[in-house]
Amino acid sequence: TAPCIAIPCRLADIELSMEKSMLPERTRQMLQALDANGPFNIVPCDVINDMLCIQICDGNGQSLNETLVQHQLASRRDDRC
């Protein structure tokens with residue numbers, strides 16, 4: 001097997017809501033459900049300041065980024081990525 005590499009990345013075009021510098025429980029639950037229900041796709045969107053901006057989509061193509069905004073767990077960013 002190939003070794004795993006870490007790539008600095010962030011969710012594209014959104015800013016996650018935080019509680020005391022941590023993800024809210026609802027956000028963690030959504031991420032865990034996405035992982036448990038897999039598969040999911042990581043879609044690269046852009047690279048800004050050496051940071052890969054991504055969208056995470058479920059098997060139906062629904063974007064986690066958009067879902068987080070709809071559930072008010074994230075807000076849109078004005079600056080790209």
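Atom set for the values below is all heavy atoms of this structure, side chains included, hydrogens, waters and symmetry mates excluded.
At least one donor-acceptor pair closer than 3.5 Å links the side chain of Arg28 to the backbone N or O of Leu23. Judged purely by atom type and a 3.5 angstrom limit, Asn65 uses its side chain to pair as donor or acceptor with the backbone of Ala12. Judged by distance alone, with hydrogens and angles left aside, the side-chain atoms of Asn60 form no donor-acceptor pair with the main-chain N or O of Gln62 at under 3.5 Å.
Residues Glu19 and Glu25 are not in side-chain contact: their nearest non-hydrogen atoms beyond the backbone lie 4.5 Å or more apart. The side-chain heavy atoms of Ile56 and Ile54, taken from C-beta on, include a pair separated by under 4.5 Å. Two residues are said to be in side-chain contact when any heavy atoms from C-beta on lie closer than 4.5 Å; Leu64 and Leu31 meet this criterion.
Placement of Met22 and Leu11 in two distinct hydrophobic clusters is found when ILVMFWY residues are connected by side-chain heavy-atom separations under 4.5 Å, directly or transitively. Hydrophobic clustering (ILVMFWY, side-chain heavy atoms < 4.5 Å, transitive): Leu52 and Val43 are in distinct clusters.
To the nearest 0.5 angstrom, Thr27 atom OG1 is 9.0 Å from Gln29 atom CD. To the nearest 0.5 Å, atom CG of residue Asp13 and atom SG of residue Cys45 are 6.5 Å apart. In this structure, OG on Ser17 lies 8.5 Å from CD on Gln72, to the nearest 0.5 angstrom.
Annotation: salt bridge (charged side-chain N to carboxylate O under 4.0 Å, His left out) contacts involving residues 61-75, sequence neighbours excluded, comprise Glu66-Arg76.
No hydrogens or angles considered: a donor-acceptor pair under 3.5 Å links the side chains of Ser63 and Gln55.
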